Amino acid sequence: MYNPKSNNADEFISHEEILASLKYADENKNNEELIDTILKKAKEKKGLSHREALILLDCTIENKNKEIFQLAEQIKKDFYGNRIVLFAPLYLSNYCVNGCVYCPYHRENTNIRRKKLSQDEIRKEVTALQDLGHKRLAIEAGEDPLNNPIEYILESIKTIYNTKHKNGSIRRVNVNIAATTIENYKKLKEAGIGTYILFQETYHKENYENLHPKGPKHNYAYHTEAMDRAMEAGIDDVGLGVLYGLSLYRYELVGILMHSEHLEAKFGVGPHTISVPRIKKADDINPDVFDNGIDDETFLKIIAVLRIAVPYTGMIISTRENKSVRERALHLGITQISGGSKTSVGGYWEEEKPENNSSQFDVSDTRSLDEVTNWLLKMGYIPSFCTACYRSGRVGADFMEVCKKEEIHNFCGPNAILTLKEYLEDYASTDTKKIGNEIIEKELNLIKNKKLKDKLIENLNHIKEGSRDYKI
Ligand code: SF4
Ligand code: SF4
C-alpha cells in the first residue's frame, strides 16, 4: 500500500503506485488540456507530484516541450541566478565487498588496482585539490568494513578539514559512502559533513536485487531507507540520485520523485540535491550490456522535468558527461558541477598509469578546473566556490525555507562573487582572471542594494590585499 509517510521502503516507493502512474501517463499521453493544467501549476514554482512530472516527461508535442524547457530555464534563473557551484570528487578507497554489476569496484574485479589512501596521501591529494582552487569536495569510498570502517572515514574527514596549503582550505566535505547505521550517521554529523549522498542506483526492487547480487548492498530496504536513518541521526542535507541506464527511465523518474515526496512528508524537508549520473564505460563493465541507456535528448528532458518538479533541490552533473551535454544541462536546471575531476584513488597528486588503473568510470569532460571556470564565465555564469550556507547554519529546513521564498539567490550571487575573486587571485590563468574580473565588475553594477554593494566592494578589496574567507 502506497504511503509517503511510511518508514517502510516498499510503502513509500510503492511498486504498485509507480505502475499505476505509468499507466495513468500512458492513458493521458499528449492530453493537451492536462498538460496545460500541469504547466499552469508548475508556473507557480512550488513543484509537481510524481504523476504530473511524468505527464510532462512523456509529452511529445513540440510546442508544449518548448514551453517545458523554457519554464525549466526560468525556474533555474529565478531560484539560483547565474551561479554554478563547483566541486571535486575525492576517492579515498576502492576496496569494496559488494558485487554491483555496473561498477568496476565490484569485489570480483581482479584487473583493477585496489588502493586505499593513507592519511599522508590524503593530505597530498587535498593539497593538490586546493592548489587547483577547490573548496568543496565529495568523498567517495567503497563499502568494506575491514578496509574502510567508519573510523577511517571520520579520520579522513578530519585530515581534509585540517589540511591548509597556502590560501587553500576545504570548507565543505560531502560524503558518499554506503548505507549505514544511525550511530554512524551521528558520527558523520559530528564530523561536520555537508551533504550525505547516496545513490539509489535504481528504484526497481527486482532489478536492484539482480544488479546487486552480493554483499550488504543487496538489501534493498536497508539501502532505500538509508536517508531516513541519516535524517533521524540529525544530518540536515541528503542527496539522492539514480544511475540512468540500469532500469527504465520513466520508472526511475517516478521513483526519485516519490523518494523526495517521502522525505518532505516525513521530515518536512526534501532532498538537498539530486544527481543525474548516466552509466559509463569502465574497466570490466560494458555499458552495451545495459540496454536501458538513454539518449541525450531524453536525458536533458529528465533534467528539465526534475527542475520543474523540485525547484528547491540543487541538481548535480558530473564529468561523466561531455562538455556539450553539460552546457545544455546547465541552462535547464543543473546548479552544481564537478570540474577537473579524477575518478581514481590518488589521482590528483599521482599520474595514473593505464596498467595501474583504479578509476571508477571514464571521464568525458577532461578539462582542467581553470578551463571549466573559463568556459562558465564565457557563457555568462559565475563559477562559485561558495560553501556559505553550510558554514552559516543555513541547512536542512532553514535552507529550504529561504529557497522556497526564492531568496537563496540573494546569498548565492554575492558569495559567488567573493569566492570567484579568491579563485581569480590565487589560482586562475591570466585569461580567466581577466574575464572573471570583468564579470565581477558587471555583476556589481547590477546590484541595487547599496549597503550590500558597498560591503561586497569592501570585501573584494580585502581579498585583493590577501585576506580570505568572506561570506554573506
Ligand atoms: Fe562498491 Fe559502490 Fe561500486 Fe557498488 S557502486 S561496487 S558499492 S563502490
Ligand atoms: Fe550554495 Fe548557499 Fe552558497 Fe548559494 S549561498 S551557493 S545555496 S552554499
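Just follow the structure's listing: the first ligand is 1, and inside any ligand the first atom is 1. What you are looking at is a predicted structure, and each value in this text was computed from that prediction instead of being measured.
Within ligand 1, counting atoms from 1 as listed, the ones closer than 4.0 Å to a heavy atom of His106 are 6 (S). For ligand 2, the atoms sitting less than 4.0 Å from at least one non-hydrogen atom of Ala388 are 8 (S), numbered in the order shown with element in parentheses. Short contacts between ligand 2 and Ile408, defined as distances under 4.0 Å to a heavy atom of the residue, involve ligand atoms 7 (S). Those atoms of ligand 2 that come under 4.0 Å of a heavy atom in Asn415, given as number and element, are 5 (S). The distance from ligand 2 to the heavy atoms of Val85 drops below 4.0 Å at these ligand atoms: 6 (S). The distance from ligand 1 to the heavy atoms of Cys96 drops below 4.0 Å at these ligand atoms: 1 (Fe), 6 (S), 7 (S), 8 (S). Each of the atoms 5 (S) of ligand 2 lies under 4.0 Å from some heavy atom of Phe411.
With a 4.5 Å cut-off on side-chain heavy atoms, Thr180 and Tyr185 count as touching. The side-chain heavy atoms of Glu225 and Asn8, taken from C-beta on, include a pair separated by under 4.5 Å. With contacts defined as side-chain heavy-atom distances shorter than 4.5 Å, the pair Arg83/Thr335 qualifies.
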Item to check | Stepwise side-chain hydrogen bond (donor to acceptor under 3.5 Å, both in side chains) test for Tyr381 and His331 | outcome: CA-CA 10 Å; Tyr381 291 111; His331 294 309; 2.7 Å; yes
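Of the heavy atoms in His409, none comes closer than 4.0 Å to ligand 2. Looking at His272 against ligand 2, nothing comes within 4.0 Å, counting heavy atoms. Contacts between Ile472 and ligand 2, counted as non-hydrogen atom pairs separated by less than 4.0 Å, are absent for every part of the residue. The side chain of Lys217, and not its backbone, has at least one atom closer than 4.0 Å to an atom of ligand 1 (non-hydrogen atoms only; side chain from C-beta on).
For the pair Arg229 and Tyr222, the distance from NZ or CZ to the six-membered ring centre is under 6.0 Å and the angle to the ring normal is within 45 degrees. For the pair Lys116 and Tyr152, the cation-pi criterion (under 6.0 Å, within 45° of the ring axis) is fulfilled. A cation-pi contact, defined as under 6.0 Å to the ring centre and within 45° of the axis, links Arg394 to Phe411.
In this structure, Glu407 places its CD atom where more than 12 heavy-atom neighbours from other residues, nucleotides or ligands lie under 6.0 Å away. Residue Lys471 places its NZ atom among more than 12 non-hydrogen atoms of other residues, nucleotides or ligands, all under 6.0 Å distant.
Contact analysis leaves Arg391 out of contact with ligand 2, as no non-hydrogen atom separation drops below 4.0 angstrom. Ligand 2 does not have Tyr80 within reach: every non-hydrogen atom of the residue lies 4.0 Å or more from it.
Relative to atom 1 (Fe) of ligand 2, the option among Arg136, Arg394, Lys471, Gln336 with the closest non-hydrogen atom is Arg136. Of the candidates Ser93, Ala179, Cys100, the one placing a heavy atom closest to atom 6 (S) of ligand 1 is Cys100.
Between Glu264 and Lys46 there is no salt bridge, since no side-chain N of the basic residue sits under 4.0 Å from a carboxylate O of the acidic one. With respect to Asp131 and Lys166, no salt bridge is recorded, no charged nitrogen being found less than 4.0 Å from a carboxylate O. We find that Asp144 and Arg107 are not joined by a salt bridge, their nearest charged nitrogen and carboxylate oxygen being 4.0 Å or further apart.
Looking only at protein heavy atoms, the nearest one to atom 8 (S) of ligand 2 is Cys389 N, 3.4 Å. Summary of contacts: the protein heavy atom closest to atom 7 (S) of ligand 1 is Asn98 ND2, 3.4 Å. Of the protein's non-hydrogen atoms, the one nearest atom 4 (Fe) of ligand 2 is Cys412 SG, 2.3 Å. Of the protein's non-hydrogen atoms, Cys103 SG, 2.3 Å is the one closest to atom 3 (Fe) of ligand 1.
For Cys386, the nearest N, O or S atom to atom 3 (Fe) of ligand 2 falls under 2.8 Å.
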